[in-house]
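Okay, structure first, notes after.
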Number of protein chains: 2
Amino acid sequence: MDSTLLIGLIAASLTTFAFLPQSIRAIKTKHTKDLSLITLIMLEIGVIVWIIYGALISDIPLLSANIISFVFMTITLYLKVKYG
Amino acid sequence: MDSTLLIGLIAASLTTFAFLPQSIRAIKTKHTKDLSLITLIMLEIGVIVWIIYGALISDIPLLSANIISFVFMTITLYLKVKYG
């Protein structure tokens, strides 16, 4: 694997899995007050639009990264709506 | 502009500017307790690695989107470290 591709994969992994610890924190603490609802809605819609774009251009890495992000984003947004 | 490109630009705009309202909220409330530090560090490093990747493949949209994200991520991370 060439080093440029490796750097791209590292970047994608970090941003794709970034909301996993946030989901875990919100599940554990049941507190989401400091999270911006607008930020979470923008990210949720953004990820959905990325999935549509990934499907339109048939880009498997873009599609799979955003489907994974969608799971963590949806959990975090659900908890924000639940706990306020 | 074709519709696929437009969809890509909408996706990029949403995820690029998503941390602007989070930065504003943290500045206003001075509270960041519910934000996951691990999430913010992963996003900050992720964005930096995306910038390196964007520079390596000379992709101007990728570079510019991540430089903008870097500003909002850095503000949010700084406030998280400051307010705990």
Side-chain angles (χ1 to χ4, degrees), chain A residues 2-59 62 65-66 69 72-73 76-77 79-80 83-84, chain B residues 2-59 62 65-66 69 72-73 76-77 79-80 83-84:
Chain A
D2 75 278
S3 60
T4 304
L5 178 62
L6 182 66
I7 289 168
L9 288 174
I10 293 168
S13 305
L14 283 164
T15 49
T16 299
F17 289 96
F19 268 82
L20 175 59
Q22 182 63 71
S23 308
I24 295 170
R25 184 177 179 91
I27 291 167
K28 275 188 187 166
T29 64
K30 295 182 169 48
H31 279 279
T32 55
K33 195 169 153 271
D34 301 333
L35 299 179
S36 162
L37 181 62
I38 304 168
T39 290
L40 296 179
I41 291 171
M42 284 174 77
L43 287 171
E44 180 82 1
I45 299 172
V47 164
I48 293 168
V49 185
W50 274 125
I51 291 170
I52 295 167
Y53 181 71
L56 284 170
I57 65 164
S58 305
D59 187 308
L62 190 61
N66 280 286
S69 290
F72 304 134
M73 285 313 310
T76 310
L77 180 58
L79 295 170
K80 171 66 186 172
Y83 299 127
Chain B
D2 75 278
S3 59
T4 305
L5 179 61
L6 183 65
I7 289 168
L9 287 174
I10 293 169
S13 304
L14 283 164
T15 49
T16 299
F17 288 96
F19 268 82
L20 174 59
Q22 183 63 71
S23 307
I24 295 170
R25 184 177 180 92
I27 290 167
K28 277 188 184 165
T29 64
K30 295 184 171 47
H31 278 279
T32 55
K33 195 169 152 274
D34 301 333
L35 299 178
S36 162
L37 180 63
I38 303 167
T39 291
L40 296 178
I41 290 171
M42 284 174 77
L43 287 171
E44 180 83 359
I45 299 173
V47 164
I48 292 168
V49 184
W50 275 124
I51 292 170
I52 295 167
Y53 181 71
L56 283 171
I57 66 164
S58 305
D59 187 308
L62 190 62
N66 280 287
S69 291
F72 304 135
M73 286 312 312
T76 310
L77 181 59
L79 294 170
K80 171 66 185 172
Y83 298 127

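Below, chain A is the first sequence line, B the second, and so on; all start at residue 1. Keep in mind that the numbers below use all heavy atoms, side chains included, and drop hydrogens, waters and symmetry copies.
For the options B:Gly8, B:Ala11, B:Gly54, heavy-atom pairs under 4.5 Å to chain A are most numerous at B:Ala11. Heavy-atom pairs under 4.5 Å with chain A were tallied for B:Leu20, B:Ile7, B:Leu40; the largest tally goes to B:Ile7. Per-residue counts of heavy-atom pairs under 4.5 Å with chain A were compared for B:Ile38, B:Leu35, B:Leu5; the largest is that of B:Leu35. Per-residue heavy-atom pair counts under 4.5 Å with chain A were compared for B:Ile10, B:Leu43, B:Asn66, B:Ile52, and the maximum is reached by B:Leu43.
Minimum heavy-atom separation, A:Ala18 to A:Pro21: O-CD, 3.2 Å. A pairwise comparison of heavy atoms in B:Thr76 and B:Ser23 identifies OG1-OG, 3.1 Å as the closest pair.
Rounding to the nearest 0.5 Å gives a distance of 5.5 Å between OG1 of B:Thr29 and CG of A:Asp34. Atom CE of A:Met73 and atom CD1 of A:Ile41 lie 10.0 Å apart (nearest 0.5 Å).
With a 4.5 angstrom heavy-atom cutoff, A:Thr32 touches chain B only via backbone atoms. Proximity to chain B is absent for every atom of A:Ala26, based on heavy atoms less than 4.5 angstrom apart.
B:Val47 pairs in a side-chain contact (heavy atoms from CB on, under 4.5 Å) with only one of the listed residues (B:Ile51, B:Ile45, B:Val49), which is B:Ile51.
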